[in-house]
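The block underneath contains the structure these notes are about, expressed in structure tokens.
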Amino acid sequence: MHTPREHFAIREEALTLVTTQIAIQLQLININFERIKETEWELVRHAWRRHPVRKGLKIEFNWLAHRNKRRDKLDVSIWSQGVLCGLFLAKLSRKSINVALRYLESNPYCHPLSGKVIPVGLIIAESFAVSYGAYQVMVCRPERHLIKYYRSFGYELNDTDLQRERRNCKIRANSLVKKL
């Protein structure tokens with residue numbers, strides 16, 4: 001387990017790598033990353049969750065509570081041009097084997113990174129994995145309609161689901177994995 005000081009240093013290294021990778025892979029600049037704060041959670045709870053597209057979804061996830069649970073959680077608020085564009089939460093496994101992307105939420109209103117929050121989130125997860133020395137990234141419980149999209153970034157079903165897919169059976173897709 002890393003000390004708080006080590007976590008801070010690794011986080012800074014990862015976010016520097018994120019900035020570089022986003023500029024190279026997505027040709028995006030002027031993106032800022034911070035820890036998730038209470039004010040951002042309030043914005044999500046009062047504005048994002050009341051957006052007409054999300055109003056009936058009954059999303060109960062509390063970003064702030066999950067961020068504060070354990071120090072091995074990797075939380076990032078994604079900003080561009082002064083607008084909160086997305087929130088990211090992942091967890092480092094105990095032995096630093098993998099980084100598991102648990103939650104990624106995009107601002108439902110028009111924002112500078114519209115349509116790009118998933119690629120940005122995956123770059124963040126992969127950069128944390130590289131910085132912590134993990135060898136894989138997992139996307140936990142992906143939305144079914146996004147599985148094909150995640151796979152386009154090199155994420156794959158686990159072996160059991162791959163076998164089910166080959167037999168034309170319904171996949172479970174509890175996680176998608178990318179080996180680094």
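- Note: the hydrophobic cluster containing Ile124 does not contain Val177 (ILVMFWY, side chain heavy atoms under 4.5 Å, direct or indirect links).
- For the pair Lys116 and Leu28, the minimum side-chain heavy-atom distance is below 4.5 Å.
- For Arg172 and Asp161, the salt-bridge test fails: no basic side-chain N is under 4.0 Å from an acidic carboxylate O.
- The local environment of CZ in Arg144 is crowded, with over 12 non-hydrogen atoms from other residues, nucleotides or ligands closer than 6.0 Å.
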Under the salt bridge (charged side-chain N to carboxylate O under 4.0 Å, His left out) rule, what do Arg151 and Glu165 come out as? Steps first, then yes or no, please.
CA-CA 14 Å; Arg151 290 176 92 177; Glu165 184 180 56; 2.7 Å; yes
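- Side chains of Cys169 and Gln163 form no contact here, defined as non-hydrogen atoms less than 4.5 Å apart.
- In this structure, Ile78 and Leu87 have side chains that are not in contact, with every pair of non-hydrogen atoms separated by 4.5 Å or more.
- Heavy atoms from other residues, nucleotides or ligands lying under 6.0 Å from CD of Glu143 number 12 at most.
- Glu126 and Lys178 are joined by a salt bridge, as a carboxylate oxygen and a charged side-chain nitrogen come within less than 4.0 angstrom of each other.
- A distance of 8.5 Å separates CG in Leu101 from CG in Leu89, rounded to the nearest 0.5 Å.
- At distances below 3.5 Å, at least one donor-acceptor pair connects side-chain atoms of Asn107 with backbone N or O atoms of Leu84.
- Side chain of Ser127 to main chain of Ile123: a donor-acceptor pair is present (N/O by atom type, distance under 3.5 Å, no hydrogens or angles).
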I'd like to know whether Asn158 forms a side-chain contact (heavy atoms from CB on, under 4.5 Å) with Leu162, so could you lay out the CA-CA distance, the side-chain angles of the two residues, the decisive distance to 0.1 Å, and finally the verdict.
CA-CA 6 Å; Asn158 62 28; Leu162 284 172; over 6 Å; no
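- Of all heavy-atom pairs spanning Cys140 and Ala100, the tightest one is SG-CB, 3.7 Å.
- The one candidate from Arg35, Glu34, Lys37 that meets the side-chain contact (heavy atoms from CB on, under 4.5 Å) condition with Ser77 is Glu34.
- Contact annotation: the side chain of Glu105 approaches that of Val44 to within less than 4.5 Å [non-hydrogen atoms, C-beta and beyond].
- The two residues Glu6 and Thr3 have their closest heavy-atom pair at OE1-N, 2.8 Å.
- Contact detail for Tyr109 and Ala47: the closest heavy-atom pair is OH-O, 3.3 Å.
- We find the NE2-NE2 distance between His2 and His7 to be 6.5 Å, quoted to the nearest 0.5 Å.
- Under the 4.5 Å side-chain heavy-atom criterion for Ile, Leu, Val, Met, Phe, Trp and Tyr, Val130 and Phe33 are members of the same hydrophobic cluster.
- Interatomic distance, CZ of Arg166 versus CG of Asn168, reported as 11.5 Å (0.5 Å rounding).
- Of the inter-residue distances, the one linking Asn174 atom CG with Met138 atom CE reads 9.0 Å to the nearest 0.5 angstrom.
- Atom CZ of Phe128 is separated from atom CG of Leu92 by 10.0 Å, given to the nearest 0.5 angstrom.
- Put simply, the side chain of Arg11 gets close to the backbone of Asp75: a donor and an acceptor are under 3.5 Å apart.
- At a threshold of 4.5 Å between non-hydrogen side-chain atoms, the residues Val137 and Asn98 do not count as touching.
- Hydrophobic cluster membership is shared by Leu104 and Leu122, with clusters built from Ile, Leu, Val, Met, Phe, Trp and Tyr side chains linked at under 4.5 angstrom.
- In the hydrophobic cluster analysis, where Ile, Leu, Val, Met, Phe, Trp and Tyr join through side-chain heavy atoms closer than 4.5 angstrom, Leu26 is grouped apart from Val83.
- Other members of a hydrophobic cluster containing Phe8 are absent, since no ILVMFWY side chain comes under 4.5 Å of it, directly or through relayed contacts.
- Side-chain contact between Cys85 and Ser106: absent, with no pair of heavy atoms (C-beta onward) separated by less than 4.5 Å.
- Note that OG of Ser175 and OH of Tyr150 are 12.5 Å apart. Values are rounded to the nearest 0.5 Å.
- Remark: the backbone N or O of Leu15 is paired with a side-chain donor or acceptor of Thr19 at under 3.5 angstrom.
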Any chance you could lay out the side-chain contact (heavy atoms from CB on, under 4.5 Å) test for Tyr149 and Ile118, step after step, and finish with the verdict?
CA-CA 9 Å; Tyr149 188 58; Ile118 289 177; 3.6 Å; yes
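- Within 6.0 Å of CD1 in Ile29 there are 12 or fewer heavy atoms belonging to other residues, nucleotides or ligands.
- In the hydrophobic clustering of ILVMFWY residues, with side-chain heavy atoms under 4.5 Å counting as a link, Tyr132 and Ile97 come out apart.
- Ser114 places a side-chain N or O within donor-acceptor distance of the main-chain N or O of His111, the cut-off being under 3.5 Å.
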